Amino acid sequence: MGPPRTADMSAATRRNAGGTAGARALVPEIRGRGPFCLDERRTAMAKTERKPDHGDEALYALRHSTAHVMAGAVLELFPDAKFGFGPPVADGFYYDFDLPRALTDEDLPRIEERMRAMAKRDVPFEHREMPVPEALDFFRERHQDYKVEQIEKLDKADEQVELRNGSVSIYEHADFVDLCRGPHVERTSKIGAFRLLSVAGAYWRGNERNPQLQRIYGTVWPTEKELNEYLEKLKEIERRDHRALGRDLELFRIDEELGSGLVLWLPNLSIVREELENWWRKVHRERGYTLVYTPHIAHEKIYQRSGHLEKYGENMYGPLLLDDSAGATGGQRPPARFWIKPMNCPGHIKVFQSKIHSYRELPLRIGELGTVYRYERGGTLHGMLRVRGFTQDDSHIFCSWDQAQAEIGKVFDLAMEFLQTFGYRDPRVYLSTRPERRLGTDEQWDKAEKALADALGVREVPYDVDEGGGVFYAPKIDIKVMDAIGREWQGPTIQIDLNLPERFDVTFVNEKGERERAVMIHRVLFGSLERFVGGLIEHFAGNFPLWLNWEQAAIIPVRESARPYAEELATALRGAGLRVHLDEQAGDLRTRIKEAQQRKASYMLVVGDKEAAARTVSVRRRGAAQGEEERGVKLDEVIARLANERDTKALPPDFGPHGPSVADSLGG
RNA sequence: GCCGACGUAGCUCAGCCGGUAGAGCAGCGGUUUCGUAAACCGCCGGUCGGCAGUUCGAGUCUGCCCGUCGGCUCCA
């Protein structure tokens, strides 16, 4: 049932490479995302969209030129091909084609072959300016509808950069002529080490009402060495795929009969989650949060008031019809309609409104690990990273404007502490300001943006401003981070909501005894536990830190004679609150070590007669190289070490870009 | 939702041009008591994703549906 996995690079690998997902060149990152209330699942720990990163000028020209050579090769194979866009993107390039038949993976080597031939011919890339009327005729003659459309659009836009004196810029090599502003490498022999990676559908101009073209993704590097390093990185990404590790390590399962997009947390991952949740609750209590529980379904009227039904209804599960009207009265009252909650905010507002609040009680920080369900279109689901049911670590802070900046600052500090705990690196902070279309007054936006900016300013946090990048109801701070192998993920988000407090008339009583509108701050650290943990699996390559690990120690007696001591050791470790697996099977020690490695036990504690006599342990770390085990460690010392590693939440020694993985040991 | 590919045992896969399913791993039962990543023998295990259709006969061909994968789109 599972997806095909092959030893070489699979399509899955290619897709994840350097965030190939959502690759879009020459287009700014999609902004203003996030739905109504804070959409934590998407705003936190989503792999971020690939940005237009073309590297330096030389790399840009290389990628761009290779795209042209590829297009030329496609034209040789398909004389009727029509061409869409073919830009460079991070790590490579793509080109969109309208072809008489669907491309298959077998076509890629054939195209590559012709590209190599073209590189060998070593023809120059020639640039010239073509007056618009001539260009239109030229491309019309060749039935290049998309190019014609593009020229017409450029002409209309009359952009100085694109149109120089009523001409368009043309590049050609051999018989391939393309509308293109360059620059290119001088000759086709310079296109370096390339590889075509995958074929996929893509809409013309990215609009789903337009025809769908076939997109070929490729990568190109100045040298073979760099190409190989890149392909190696793709393999590493595949090895870390949380779906594969999820199967191999018995972490989670998504069952078709149960429903796609719904995650079963298997026992191992449930331990990880329990530890995360316990820590989350502890940290939040320490920071003065009030933790609550709210219902999983709610009456229609609350979602009418919140606006979710109107704005988000298509994604909601329901309605559930509760027909309690057909009873004794035999009345014809319409049945009550309930919906499964897609977000936690309305419930938290109701918690806040359960009584009148004095300014003295503020800020009130209401938090919940709240499970929500949202209907997502089939094509968007992806392992634990994009699901239909998930638990958000949701919090809403109700305060006055005077308190807002300080509260935002505290959330920011907490967010940084979270990221640090898991070893995420190089946080980058973005402040997204008011978009064109928005709710609320300018005065409100001024205050909200200032509160966010000042919170960062006080901390002297460097940040980028994304003008107009806010959500329609809120400006926000986003934090993005790098994982262990340098992929960027979207992390915590903080927003000031300018909508719901109005809709629900959220107030408190101020010093003067007047009702005052409360400020409502949305924030998320994990986002959804499903997505966060799915991300952690990839970040750690399955090598979880000891504090989260389901098997903190495997105790392996060398022979039957060491069993009593092994049991004593197990009892002692369990007494210290550690999760221990006592290996009771007979057989080859090497096999049992291997199996413990595959289960990702943090430590293998081997005990034989020598250890039993000396009351010591042979300690082998997960991922240790041959002969790296440490012999003769005192029993108490072992317990103290493990407990310390757990209590400090230390990152494991095999954490990093090249930690061994299950795939390594199984790969043979 | 759209384009394309795919769906055979818990997992990874084989199964030609239609003739009623096969391996390794895992599991189970034995044997093996071994010093740091694969001991040996045996057994169990499949309505071939589902429903129709074509055919004497369908894992194999056709249609629809479900699901998965790669993208696109969506995610106010």
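Small disclaimer: the values here were computed from a predicted structure and weren't measured. So that the names make sense, note that chain A is the first sequence line, chain B the second, and so on, each numbered from 1.
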Would you mind reading off the distance between [X] atom [atom1] and [N] atom [atom2], rounded to a whole angstrom?
| X | N | atom1 | atom2 | value |
| --- | --- | --- | --- | --- |
| A:D609 | B:rU36 | CG | P | 15 Å |
| A:R622 | B:rU36 | CZ | C1' | 17 Å |
| A:L266 | B:rG10 | CG | P | 15 Å |
| A:I216 | B:rC3 | CD1 | P | 19 Å |
| A:F97 | B:rC72 | CZ | C1' | 16 Å |
| A:Q214 | B:rG70 | CD | P | 18 Å |
| A:L605 | B:rG35 | CG | C1' | 15 Å |
| A:D98 | B:rG4 | CG | P | 13 Å |

[atom1]-based separation of [M] from [N] [nearest Å]:
| N | M | atom1 | result |
| --- | --- | --- | --- |
| B:rA14 | B:rA23 | P | 16 Å |
| B:rG22 | B:rG67 | C1' | 25 Å |
| B:rC48 | B:rA58 | C1' | 11 Å |
| B:rC72 | B:rC16 | C1' | 37 Å |
| B:rC25 | B:rG19 | P | 29 Å |
| B:rC66 | B:rG49 | C1' | 7 Å |
| B:rG46 | B:rA21 | P | 13 Å |
| B:rC41 | B:rU60 | C1' | 36 Å |

Would you say a side-chain N or O of [X] is under 4.0 Å from OP1 or OP2 of [N]?
| X | N | answer |
| --- | --- | --- |
| A:Y217 | B:rC72 | yes |
| A:R247 | B:rU12 | yes |
| A:R209 | B:rU73 | no |
| A:H382 | B:rU68 | no |
| A:T591 | B:rA39 | yes |

Name the pairing partner of [N], where a pair is Watson-Crick or G-U wobble with both distances under 3.5 Å, or state none.
| N | value |
| --- | --- |
| B:rG63 | B:rC51 |
| B:rC56 | B:rG19 |
| B:rU36 | none |
| B:rG70 | B:rC3 |
| B:rG27 | B:rC43 |

At 4.0 Å (heavy atoms only), tell me whether [X] reaches a base, stays on the sugar-phosphate, or touches nothing.
| X | answer |
| --- | --- |
| A:E314 | nothing |
| A:A202 | sugar-phosphate |
| A:D255 | nothing |

Check whether A:F93 forms a cation-pi arrangement with A:R63 (NZ or CZ under 6.0 Å from the six-membered ring centre, at most 45° off the ring normal).
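A:R63 over A:F93 ring: no.
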Over-ring placement of A:K480 relative to A:Y430, 6.0 Å and 45° cut-offs:
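Output yes; distance and angle both within limits.
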Please determine whether any donor N or O and acceptor N or O are separated by less than 3.5 Å between the side chain of A:Y203 and the base of B:rC3.
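In this structure, the two groups form no donor-acceptor pair.
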Can you check whether any acceptor in the base of B:rC2 is under 3.5 Å from a donor in the side chain of A:Q212, or vice versa?
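Such a pair is found, so the answer is yes.
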Does the side chain of A:D478 come under 3.5 Å of the side chain of A:T493 through a donor N or O and an acceptor N or O?
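Side chains of A:D478 and A:T493: pair found under 3.5 Å.
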[X] has a side chain; which of [options] sits nearest to it?
| X | options | value |
| --- | --- | --- |
| A:T380 | B:rG1, B:rA38, B:rG35 | B:rG1 |
| A:R377 | B:rC74, B:rG67, B:rC72 | B:rC74 |
| A:Q626 | B:rC74, B:rG35, B:rA37 | B:rA37 |
| A:S260 | B:rC74, B:rG67, B:rC2 | B:rG67 |
| A:L381 | B:rU68, B:rA37, B:rG35 | B:rU68 |
| A:Y375 | B:rG1, B:rC72, B:rU36 | B:rG1 |

Please evaluate residues A:R487 and A:E538 with respect to the criterion salt bridge (Lys or Arg N to Asp or Glu O under 4.0 Å), reporting the C-alpha separation (whole Å), side-chain torsions for both, the decisive distance (0.1 Å), and the verdict.
CA-CA 10 Å; A:R487 290 181 296 174; A:E538 303 202 352; 3.1 Å; yes
Identify, between A:G201 and A:E628, the residue whose nearest nucleotide on RNA chain B lies closer to the 5' end.
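This one resolves to A:E628.
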Starting at the 5' end of RNA chain B, which residue's closest nucleotide do you reach first, A:G627 or A:R253?
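The residue closer to the strand's 5' end, by nearest nucleotide, is A:R253.
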Inspect the contact between [Y] and [X] and indicate whether a charged nitrogen and a carboxylate oxygen are less than 4.0 angstrom apart.
| X | Y | answer |
| --- | --- | --- |
| A:R620 | A:E630 | no |
| A:K233 | A:E236 | no |
| A:R641 | A:E637 | yes |

Check the orientation of A:H242 and A:H382. Use parallel for under 30°, tilted for 30 to 60°, and perpendicular for over 60°.
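Aromatic pair A:H242/A:H382 classed tilted.
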Shortest non-hydrogen contact from A:C345 to A:M520?
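For A:C345 versus A:M520, the nearest heavy atoms are CB-CE, 4.0 Å.
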For residues A:R386 and A:T380, report the shortest heavy-atom separation together with the two atoms involved.
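Minimum heavy-atom contact is CG-O, 2.9 Å.
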Could you check whether atom CD of A:E314 has more than 12 heavy atoms from other residues, nucleotides or ligands sitting under 6.0 Å from it?
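No, the 6.0 Å shell around CD holds no more than 12 heavy atoms from other groups.
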Can you build the contact string for nucleotides 27-34 of chain B? Use B for base contact, S for sugar-phosphate-only contact, and - for no protein heavy atom under 4.0 Å.
-----BBB
Looking at A:L546, is its backbone amide N or carbonyl O close enough to the side chain of A:Q552 to form a donor-acceptor pair, meaning the two atoms are under 3.5 Å apart?
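Checking the backbone N and O of A:L546 against the side chain of A:Q552, a donor-acceptor pair under 3.5 Å is found.
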With A:F83, which of A:W204, A:F78, A:Y95 fulfils ring pair (Phe, Tyr, Trp, His ring centres under 6.0 Å)?
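Filter result, single survivor: A:Y95.
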Close N or O pairs between protein and nucleotides 60-62 of chain B (under 3.5 Å):
none

